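Only one structure is covered here, and it is reproduced in the block below.
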Protein chains: 4
Amino acid sequence: MIVLAGDKRTVRQPRQKRAIEKKSRIIEAGFKLFCEKGFHNTNTVEIAKAAGVSTGILYNYFVDKKDIFLAAIDSFGNRITLPAFQATESLKSTFSLPEIVRWLIDSFIKSHDQFKSAHEEIRAMALLDPEVASAFNRFDLQTVNDVVKMMQRFGLNPPHPYEKAHIAVSLVENLCHEILYSRHEDLDYDIMIDEVARVIVQMLSVNP
Amino acid sequence: MIVLAGDKRTVRQPRQKRAIEKKSRIIEAGFKLFCEKGFHNTNTVEIAKAAGVSTGILYNYFVDKKDIFLAAIDSFGNRITLPAFQATESLKSTFSLPEIVRWLIDSFIKSHDQFKSAHEEIRAMALLDPEVASAFNRFDLQTVNDVVKMMQRFGLNPPHPYEKAHIAVSLVENLCHEILYSRHEDLDYDIMIDEVARVIVQMLSVNP
Amino acid sequence: MIVLAGDKRTVRQPRQKRAIEKKSRIIEAGFKLFCEKGFHNTNTVEIAKAAGVSTGILYNYFVDKKDIFLAAIDSFGNRITLPAFQATESLKSTFSLPEIVRWLIDSFIKSHDQFKSAHEEIRAMALLDPEVASAFNRFDLQTVNDVVKMMQRFGLNPPHPYEKAHIAVSLVENLCHEILYSRHEDLDYDIMIDEVARVIVQMLSVNP
Amino acid sequence: MIVLAGDKRTVRQPRQKRAIEKKSRIIEAGFKLFCEKGFHNTNTVEIAKAAGVSTGILYNYFVDKKDIFLAAIDSFGNRITLPAFQATESLKSTFSLPEIVRWLIDSFIKSHDQFKSAHEEIRAMALLDPEVASAFNRFDLQTVNDVVKMMQRFGLNPPHPYEKAHIAVSLVENLCHEILYSRHEDLDYDIMIDEVARVIVQMLSVNP
DNA sequence: GATGAATGAGTCTTCATTCAT
DNA sequence: AATGAATGAAGACTCATTCAT
């Protein structure tokens with residue numbers, strides 16, 4: 001399994017419960033705003049206001065505005081994908097693999113909706129900023145690891161599981177993006193979902 | 001074929017040759033800087049300097065900074081992908097489809113490298129800004145149309161050609177991004193390229 | 001003679017007359033405020049307002065607030081001491097050396113008054129900031145050079161002229177400071193001035 | 001002898017031993033930091049941390065940050081100069097006056113080194129702030145008084161002893177500053193020390 | 001048409017001081 | 001008395017846009 005690299009930022013970690021909650025509120029508020037308006041269009045006053053704190057306190061918990069963004073990325077990664085993968089376990093006995101992949105795609109589309117632009121902006125900023133790149137990679141690896149774990153639960157042992165899992169994740173993410181945001185009127189999204197599910201199942205089903 | 005939506009911006013179009021060249025130089029310079037540094041990290045003074053014009057003149061040709069970005073997106077779309085697709089024509093008689101797809105992926109990786117962050121940032125901004133979204137869609141459709149044309153040249157007539165072309169394009173774009181920027185050390189990129197080529201060929205080869 | 005080291009800051013030097021005047025106005029305004037209120041108690045908005053410009057334009061002429069301070073130090077050095085030294089030339093035939101030194105001290109006290117705290121603050125900041133130290137040294141050297149020149153005009157050729165000139169300058173500067181700002185009620189400043197003049201004359205009069 | 005003006009601040013004086021120690025620790029920590037980094041570059045959180053107390057408690061002992069600075073000035077004055085003057089007593093029988101003055105200058109140079117910027121910054125701030133001016137004067141007078149006492153111990157009774165002592169102190173302080181911080185490469189500091197010692201001895205040796 | 005100096009609102013960040021615990 | 005998290009006003013600096021020349 002790919003191991004998440006530890007991040008060694010020199011941020012004072014809050015120990016007290018209230019402080020931890022406040023830090024979470026800031027991440028939450030920042031994340032929500034970054035998703036709605038993007039990093040560059042969100043200012044620190046807004047984040048503080050949304051979190052119900054003063055602007056000054058932001059800098060007790062985070063080294064700068066970008067640090068809030070990074071924390072939000074990590075928080076973001078932990079939330080979207082894992083529940084969906086875990087839920088597949090209970091579906092295993094009832095549904096076929098193509099049905100479950102289709103269900104996963106559907107649930108990803110639903111969960112992506114609440115994160116709006118964050119994912120793309122993270123990708124964009126990752127190209128310019130090593131710290132964002134690192135946070136993005138952590139998130140990415142986690143999802144790929146989750147997919148590989150799910151594959152194992154389903155008895156799928158294709159050659160090169162991580163490479164294939166990565167491709168599968170990309171396919172689903174692009175599909176989500178396309179369906180939620182781009183909306184080309186000439187494309188039939190039901191057909192696209194079917195096709196993506198079919199491609200994934202085929203790719204993962206090749207046992208050695 | 002999907003038709004490009006008309007552009008309804010109220011920008012004075014330069015008629016004189018010198019003015020047209022100047023506008024091109026601005027787009028060129030802006031595009032280069034946006035690729036290198038991102039939209040938010042590029043300022044208008046830099047663009048003007050790189051284009052060899054005054055900052056004031058920018059606003060004769062463009063309504064604002066974002067308008068330069070939009071023009072750059074349109075210019076961007078016309079340049080990267082088309083040459084690669086056209087080149088496949090001459091390869092048709094000599095190489096097999098899997099070989100040609102693999103060649104296309106390789107040439108996309110090469111051409112993506114020079115555009116760095118532009119593509120991702122456009123996607124990110126497209127989520128927040130309808131005008132950018134519209135420009136992005138124009139670019140996206142063009143690529144999909146190019147792929148469909150190429151499919152026809154190769155005698156590939158699968159059902160739902162646009163949907164499949166879109167999926168294929170997504171796969172290749174994600175692969176480019178992964179290889180050029182993310183570089184997960186645990187992934188074998190040769191295998192990923194092979195696998196993506198295989199998946200695309202398989203998807204497109206299903207004739208009705 | 002001690003030579004002033006050239007300073008290689010990367011500030012865009014204004015070439016046009018109006019721009020040079022504006023830069024001067026900013027230095028003037030900054031200098032005045034720094035003298036009145038000190039560097040740390042003067043903000044950029046005040047400087048801009050006093051110079052009759054916008055805050056933004058400050059950064060066309062100076063890299064940062066400190067850079068205005070440095071420019072002010074250089075400007076400061078050129079103005080205070082030189083006129084006084086030059087004026088001694090015309091007094092040479094009429095007055096004796098002790099009388100002229102006494103006259104110089106008096107005129108220094110008068111000219112110091114308009115620069116209030118600048119000199120001390122420069123000395124204080126010079127201890128923490130190499131750039132300020134460098135600017136202070138330039139100013140200091142200039143004064144010492146001026147004193148040595150004056151000594152030569154008066155036919156004074158003591159051994160170690162630069163060391164002695166430096167001591168003389170220090171004595172006068174401290175005297176100015178004491179008289180203008182400290183005002184110990186128990187000290188008789190007429191006597192101090194006489195004593196300082198006597199010490200300087202004695203020190204400089206020792207010909208080899 | 002010049003009498004120190006009484007201090008009229010409305011600060012609650014700690015009576016308990018532990019509280020007095022705590023106040024001392026704060027002054028100590030503040031003094032050290034002010035010397036190292038200057039008043040404006042030292043913040044109250046740092047002072048509290050260095051003193052091992054909470055930021056809130058600072059305001060039980062001091063009315064504001066400047067008040068810590070004032071207390072530090074008073075503490076500062078008591079420490080640097082007195083030991084050096086006292087030590088001269090034991091040298092009296094063995095060494096000549098010029099030797100002892102030279103020894104004093106040397107020991108001042110050594111002791112100044114540990115106080116870095118404090119002295120200059122106090123002088124600078126004294127020009128802007130009456131309270132700092134008052135604290136500086138107290139310190140200054142003390143040094144002058146110490147010099148006069150030493151003069152008496154050495155049997156020196158020139159006319160205007162306070163004025164001359166003040167001039168002597170200024171000379172030595174400037175010399176310290178020059179040697180420790182300015183370091184003009186073209187000046188020979190051994191010669192300057194000799195010259196300053198010579199001037200001081202000459203000035204103080206004139207008995208009525 | 002062309003210039004580029006000028007604007008000033010907007011941004012992130014700091015820090016002396018307070019106050020609920 | 002003691003804490004240290006919280007405040008929020010104030011600061012330096014940026015930059016898209018304008019306009020006198």
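Lettering of chains follows the sequences in order, A, B, ..., and the numbering in each one begins at 1. Everything numeric in this text was worked out from a predicted model, so none of it was measured.
For the pair Phe62(A) CZ and dA5(F) C1', the interatomic distance rounds to 15 Å; values are reported in whole Å. Spacing between atom CD1 of Ile68(D) and atom P of dC15(E) amounts to 15 Å, rounded to whole angstrom units. Whole-Å rounding puts the Glu21(B) CD to dG1(E) P distance at 15 Å. Between Lys22(B) atom NZ and dG1(E) atom C1' the separation is 8 Å, expressed in whole Å. As rounded to whole Å, 13 Å separates atom P of dG4(E) from atom OH of Tyr61(C). Ile47(C) places its CD1 atom 17 Å from the C1' atom of dG8(E), with the value rounded to the nearest Å. Atom CD of Glu46(C) is separated from atom P of dG8(E) by 18 Å (rounded to the nearest Å).
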*Given pairs defined as Watson-Crick or G-U wobble with both distances under 3.5 Å, what dot-bracket annotation applies to DNA chain E, with ( ) intrastrand, [ ] crossing, | other strand and . unpaired?*
.||||||||||||||||||||
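Under 4.0 angstrom from either OP1 or OP2 of dG4(F) there lies no side-chain N or O belonging to Ser54(D).
Looking at Asp129(B), its side chain never comes within 3.5 Å of a backbone N or O of Met125(B) through a donor-acceptor pair.
Within the 4.0 angstrom heavy-atom criterion, no nucleotide atom of any strand lies near Lys49(B).
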*Going 5' to 3' along nucleotides 14-21 of chain F, which nucleotides have protein heavy atoms under 4.0 Å from the base (write B), which only from the sugar-phosphate (write S), and which from neither (write -)?*
BBBBB---
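When each of Phe136(C), Phe31(C), Phe39(C) is checked for a ring pair (Phe, Tyr, Trp, His ring centres under 6.0 Å) with Phe69(C), only Phe39(C) meets the rule.
No side-chain heavy atom of Arg123(B) sits less than 4.5 Å from a side-chain heavy atom of Glu121(A). Within the 4.5 Å cutoff, no side-chain heavy atoms of Ile27(D) are placed close to those of Ser24(D). The shortest distance between side-chain heavy atoms of Phe34(B) and Ile68(B) falls below 4.5 Å. Tyr61(B) places a side-chain heavy atom less than 4.5 Å from the side chain of Ile57(B).
Between Glu28(D) and Lys32(D) there is no salt bridge, since no side-chain N of the basic residue sits under 4.0 Å from a carboxylate O of the acidic one.
Closest non-hydrogen pair, Lys22(B) versus Val53(B), comes out as CG-CG1, 3.7 Å.
Applying the side chain to side chain donor-acceptor pair (under 3.5 Å) rule to Lys65(D) yields no partners; only residues at least two apart in sequence or on another chain are considered.
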